[in-house]
Amino acid sequence: MSHKKRIESAYVLAKEQYAELGVDTDQVLEALAGVAVSLHCWQGDDVGGFENPDGELTGGIQATGNYPGKARSADELRGDLDKALSLIPGTHRLNLHAIYAEPNTKKPVERNELTADHFTGWIDWAKSKNMGLDFNGTFFSHPNAAEGLTLSHPDAGIRRFWIEHGIACRKIGEAMGKALNKPCVTNIWIPDGTKDIPVDRKSPRVRLCESLDAILAEKLDPKHNLDAVESKLFGIGSESYVVGSHEFYMGYATKNDVLLCLDAGHFHPTEVISDKISSILCFVNELLLHVSRGVRWDSDHVVILSDELRAIAEEIVRGDYLSRVHIGLDYFDASINRVAAWVIGTRCMIKALLLAMVEPTAKLRACEDAGDFTGRLALLEECKTLPFGAVWDYYCLQQNVPAGQTWLDEVRAHEKTVLAKR
Ligand code: RNT
Ligand code: ZN
């Protein structure tokens, strides 16, 4: 039997099995095709950016490993992304950082002077693929962030520089949203914090609040730009105190009607973001997720199909939150093929969504509502061995991307012909 025939036959049987539980897999696949995941450009070059070829990654985050072949220019990064996207089912988005600007000058443009003109290469690329773009200010890897403080810095001049950067980024996000006809989520994450126990926890937070107010003062059309703020528990060099903590941004987002960004690696190691989604969405209109995998710390390992990834997807789908949760990825592993890292993590995110969407939730709810917790547990466990793989393979076939591990052959070929020559 041909590969294609086998996948089609398996799908027919799987479809019947799911139908018995009241799940229409054709409908699910149609819905899944409408869900965009925002791929993070920074997996392609270890959060280096193109501002300065020897630029050092600072801000308490770290990409470990020295796998050869990382992208050194926007063209190389786009080439690698093209390869990754050709192996991922569906139409997605790209999440950019300010340091990925392409100024047409020799000298880098200062971050507070960046404009959408410096991103036309990306905008044209996204347009040609019918993709949306998301954006991030880069408040790290810069002399003005050398002390680990930016928007909360005691020096008003340094704060001003970063406020101007934040404002510039929102304008860039707005232009991207306008050009692509899809809102751009412009996210703010800052590294601000201290290594050792501070005496004054209050003043930096008051200053951060004022800086954010200044950045967000101008109202922008949500059709073009949506603002998000990202919290964190600790970083390397900010172990004892982080200005932008979860409580800080939870309050800020609620009060100011901006998106809250939850990064899966930004909480205590045993704390999960899946359980936060339905709580936060009682008070905040929309969420941005940075789906990541922390191993013992915020290590940004490649996302895998873990229980927590599944729980995140289940919460989004069961709560009918797909229109209120923007799913972005955030990890950077420099120890394996970077294109493969994108493909693995993104395919896992989509698999988790598919698994959640083929769940017989109505049946499970009926058990729960009737107080039949035995039935709920029994069915939940039976669901784990339903032929999900057959549905996934069929989705890949439908979307014209390799089903199963053959995608890796294409990454290996790209490594030989492209990456190895860098
Ligand atoms: C850092 C945050 C932040 C960055 C990216 C590069 O801990 O997660 O989102 O990873 O902006
Ligand atoms: Zn993040």
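Atoms within a ligand are numbered from 1 in the order they appear, just like the ligands themselves.
Under 4.0 Å from ligand 1, the heavy atoms of Asp298 that appear belong solely to its side chain. Proximity of His40 to ligand 1, defined as any heavy-atom pair under 4.0 Å, is not found for any part of the residue.
A salt bridge does not link Asp263 to Lys232: none of the charged nitrogens lies less than 4.0 Å from a carboxylate oxygen. Classification of Arg338 and Asp45 as a salt-bridged pair fails, no side-chain N sitting under 4.0 Å from a carboxylate O. Taking 4.0 Å as the cut-off between side-chain N and carboxylate O, Lys129 and Asp82 count as a salt-bridged pair. Between Arg207 and Asp192 no salt bridge is recorded (no basic side-chain N to carboxylate O distance below 4.0 Å). Under a 4.0 Å N-O distance rule, the pair Glu381/Lys384 qualifies as a salt bridge.
Heavy atoms of other residues, nucleotides or ligands lying less than 6.0 angstrom from NZ of Lys195 number 12 at most. Heavy atoms from other residues, nucleotides or ligands lying under 6.0 Å from CG of Asp275 number 12 at most.
Between Arg201 and Tyr241, the closest side-chain pair of non-hydrogen atoms falls below 4.5 Å.
Every atom of ligand 1 is numbered from 1 in the order shown, and the set under 4.0 Å from a heavy atom of Ile61 is 1 (C), 7 (O). Taking a cut-off of under 4.0 Å to the non-hydrogen atoms of His290, the atoms of ligand 1 that pass are 9 (O). For ligand 1, the atoms sitting less than 4.0 Å from at least one non-hydrogen atom of Lys232 are 1 (C), 7 (O), numbered in the order shown with element in parentheses. Close approach of ligand 1 to Asp263 (heavy-atom distance below 4.0 Å) involves ligand atoms 8 (O).
For Glu230, the N, O or S atom with the smallest separation from the Zn ion (ligand 2) is OE2. Within Asp263, the N, O or S atom at minimum distance from the Zn ion (ligand 2) carries the name OD2.
Distances from ligand 1 to the non-hydrogen atoms of His266 include at least one value under 4.0 Å.
Considering both main-chain and side-chain atoms, His97 comes within under 3.5 Å of ligand 1 through a nitrogen or oxygen pair. In terms of polar-atom proximity, Glu230 is counted as a contact of ligand 1, with an N or O under 3.5 Å from an N or O of the ligand. Between Asp330 and ligand 1, a contact under 3.5 Å exists for at least one N or O pair. For the pair Trp42 and ligand 1, the shortest N or O to N or O distance does not fall below 3.5 Å.
When OD2 of Asp330 and ND1 of His290 are joined through the Zn ion (ligand 2), the resulting angle is 100° to the nearest 10°.
Gln43 contributes a side-chain N or O that, together with a main-chain N or O of Asp333, makes up a donor-acceptor pair within less than 3.5 Å.
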